[in-house]
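Here it is: the structure, laid out below.
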Amino acid sequence: MISNLDIFKVYSAMARHSAESQKVAATNIAHADEPGYKASEIESFQDYLTRTSSTEAAGGEATRFKTFDVETGASPNGNTVNIEQEVFKAVDAVGQHELALTVYTKSLDLLRAALGRKI
């Protein structure tokens, strides 16, 4: 019952999105010196919410986060990874993850308090 509340669904998805964003940034950083490597980027959380809210199907491909190649200038060896941007994205993902977990936890606390249970 509680897991079906929209607020829990949204912030659970936000935590998963930030974890996936961290993974994409880490993969890009790991391949920063590989000749010809094309950096990837994950769709924004807002785009994900828009796409999944308009989709009739409730599972499968619709709930996965889309990634795409970054179309930026390549270094002389053909690599498109910008380490500074990737580090920024990784740090931003940590902040988004902490925000999602904080709201999720505080919402649970509020529900428990409303039900008269100890927090």
Side-chain angles (χ1 to χ4, degrees):
M1 177 177 131
I2 288 176
S3 63
N4 290 335
L5 295 175
D6 286 339
I7 192 165
F8 293 113
K9 289 179 182 178
V10 169
Y11 285 102
S12 175
M14 187 178 189
R16 287 185 293 109
H17 179 270
S18 59
E20 186 68 20
S21 181
Q22 179 80 6
K23 177 183 165 188
V24 169
T27 301
N28 286 341
I29 291 170
H31 293 284
D33 61 350
E34 183 179 314
Y37 181 79
K38 303 292 184 211
S40 295
E41 189 172 357
I42 190 170
E43 69 183 321
S44 71
F45 186 64
Q46 182 63 41
D47 290 345
Y48 169 77
L49 287 179
T50 302
R51 181 173 56 83
T52 57
S53 67
S54 65
T55 304
E56 296 294 323
E61 292 293 318
T63 59
R64 292 191 180 144
F65 301 111
K66 291 186 177 183
T67 59
F68 49 92
D69 289 342
V70 176
E71 299 296 329
T72 60
S75 64
N77 70 358
N79 190 303
T80 62
V81 175
N82 181 326
I83 293 178
E84 291 82 9
Q85 280 185 332
E86 296 304 325
V87 169
F88 177 77
K89 289 176 188 176
V91 170
D92 187 50
V94 170
Q96 291 297 319
H97 193 264
E98 288 181 10
L99 172 67
L101 290 181
T102 298
V103 173
Y104 193 94
T105 302
K106 295 300 179 185
S107 298
L108 279 175
D109 292 346
L110 182 64
L111 280 175
R112 287 184 189 120
L115 294 173
R117 296 183 183 155
K118 287 187 176 184
I119 296 176

Report summary line: To the nearest 0.5 Å, atom CZ of F65 lies from atom OG1 of T52 at 8.5 Å
Requested in this report: Would you give the length of the straight line joining atom OG of S44 to atom NZ of K66, rounded to the nearest 0.5 angstrom?
Outcome: 12.0 Å
Requested in this report: Can you measure from OG1 (T50) to CZ (F45) and round to the nearest 0.5 angstrom?
Outcome: 10.0 Å
Query raised in the report: Where do L115 and R112 land on the side-chain contact (heavy atoms from CB on, under 4.5 Å) test, with the steps shown first?
Result: CA-CA 5 Å; L115 294 173; R112 287 184 189 120; 5.8 Å; no
Query - side chain to side chain contact (heavy atoms under 4.5 Å, CB included), paired with E41, selected from V70, T67, D69 - result: V70
Query - L108 vs F8, side-chain contact (heavy atoms from CB on, under 4.5 Å): CA-CA, chis, key distance, verdict - result: CA-CA 9 Å; L108 279 175; F8 293 113; 3.7 Å; yes
Query raised in the report: Same cluster or not: are L101 and L99 linked, directly or through other Ile, Leu, Val, Met, Phe, Trp or Tyr residues, by side-chain heavy atoms under 4.5 angstrom apart?
Result: no
Distance-only criterion, 3.5 Å: show the donor-acceptor pairs between side-chain atoms of residues 10-25 and protein atoms not counting sequence neighbours.
residue	atom	partner	partner atom	Å
H17	NE2	E43	O	2.7
S18	OG	M14	O	3.3
S18	OG	A15	O	2.9

Report task. Using the test side chain to side chain donor-acceptor pair (under 3.5 Å), find all partners of T27 that sit at least two apart in sequence or belong to another chain. Result -> none
Identify every side-chain donor-acceptor pair in residues 78-94 under 3.5 Å, counting partners at least two apart or on other chains, and give the distances.
residue	atom	partner	partner atom	Å
N79	OD1	V81	N	2.7
N79	ND2	H31	O	2.9
N79	ND2	A32	O	3.0
N79	ND2	E34	O	2.7
T80	OG1	A39	N	2.7
N82	OD1	E84	N	3.1
N82	OD1	Q85	N	3.3
E86	OE1	N28	ND2	3.2
E86	OE2	N28	ND2	3.4

